[in-house]
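Everything below concerns the one structure shown next.
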Amino acid sequence: MSKAKAVVLVIIAALLAGYFVVLRLLMPGILQQMMPLVEKTAAEYVNGKINIGALHMSDSLQLTADDVAIYDKEGRVVAIAPSVTINFDLLRGLFKADPIKAVSIVNVNQPVLYLHMDDKEHWNIKDVIKQKEPGKTSFVGLVRINSGRSEVATPFGKWDIGVDG
């Protein structure tokens with residue numbers, strides 16, 4: 001093997017080793033420090049509060065948030081999900097110079113949405129999602145709901161409804 005090929009192989013091996021060292025050794029600590037920032041960013045889209053149990057990063061740079069719960073302004077749970085995975089398109093984020101535009105797909109896995117209508121026919125989720133002016137939102141990715149369900153309660157009865165989309 002020529003010396004040039006050996007140098008290239010050593011550089012590739014060093015880059016791969018560095019990549020996995022960063023992911024395995026440094027990323028868990030960084031993610032724990034990022035948790036408040038992630039919750040704050042998510043709260044820009046919700047009137048209320050979002051709690052995240054833990055964050056994990058896969059080898060393919062897919063971010064997973066475990067035990068996600070969304071609460072309304074009064075502190076009542078509106079939705080829960082055992083996991084939410086976020087895929088990134090880093091090039092799009094770099095070219096648009098906006099980190100939120102790097103998010104390409106959000107998979108919400110096995111969520112439960114709690115819909116309640118009171119006696120005055122007002123739904124509990126009416127004002128949970130913040131209204132944005134058209135064209136002002138930064139997020140341009142897809143949101144997928146996988147194997148979800150909705151628990152609907154009204155003065156007229158209760159239902160469980162499967163949700164995918």
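Listed here is the closest heavy atom pair of Asp118 and Pro155: O-CG, 3.6 Å. The heavy-atom pair separating Gln110 from Pro82 by the smallest distance is O-CD, 3.1 Å.
Considering NE2 of His116 and CG of Leu113, their distance stands at 9.0 Å, rounded to 0.5 Å. Note that CG of Leu55 is 8.0 Å distant from CD1 of Ile86, once rounded to the nearest 0.5 Å. Atom NE2 in His56 sits 7.0 Å away from atom OG1 in Thr64 (nearest 0.5 Å). Rounding to the nearest 0.5 Å gives a distance of 5.0 Å between CG of Asn146 and CG of Asn107.
Connection of Val46 to Val108 is established within a shared hydrophobic cluster, with ILVMFWY side chains joined at heavy-atom distances below 4.5 Å, either directly or through further cluster members. When the side chains of ILVMFWY residues are joined at heavy-atom separations under 4.5 Å, either directly or via intervening members, Ile52 and Ile70 end up in a single hydrophobic cluster. Under the 4.5 Å side-chain heavy-atom criterion for ILVMFWY residues, a single connected hydrophobic cluster contains both Val143 and Ile50. Both Ile161 and Trp123 belong to a single network of hydrophobic side chains, linked directly or stepwise wherever heavy atoms of I, L, V, M, F, W or Y lie under 4.5 Å apart. Hydrophobic clustering places Ile125 together with Trp159 (ILVMFWY residues linked when any side-chain heavy atoms are closer than 4.5 Å, directly or through intermediates).
Within 6.0 Å of CG in Asp119 there are 12 or fewer heavy atoms belonging to other residues, nucleotides or ligands.
Arg76 places none of its side-chain heavy atoms less than 4.5 Å from the side chain of Val78. In this structure the side chain of Glu151 reaches within 4.5 angstrom of the side chain of Val112, judged on heavy atoms.
Put simply, the side chain of Asp72 never gets that close to the backbone of Val128: no donor and acceptor are under 3.5 Å apart. A side-chain donor-acceptor contact under 3.5 Å links Asn124 to the backbone of Tyr114. Of the possible polar contacts, none joining the Ser150 side chain to the Val152 backbone as a donor-acceptor pair under 3.5 Å is found.
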**Request:** Give the C-alpha distance, both sets of side-chain angles, the deciding distance and a yes or no for side-chain contact (heavy atoms from CB on, under 4.5 Å) between Met117 and Leu115.
**Result:** CA-CA 7 Å; Met117 179 197 295; Leu115 297 171; over 6 Å; no
**Request:** Determine, stepwise, if the pair Val106 / Val84 fulfils side-chain contact (heavy atoms from CB on, under 4.5 Å).
**Result:** CA-CA 7 Å; Val106 177; Val84 176; 3.7 Å; yes
**Message:** Pair Tyr71, Asn47 - check side-chain contact (heavy atoms from CB on, under 4.5 Å), show working.
**Reply:** CA-CA 8 Å; Tyr71 299 89; Asn47 288 315; over 6 Å; no
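For Asn87 and Ser104, the side-chain atoms include no donor-acceptor pair closer than 3.5 Å.
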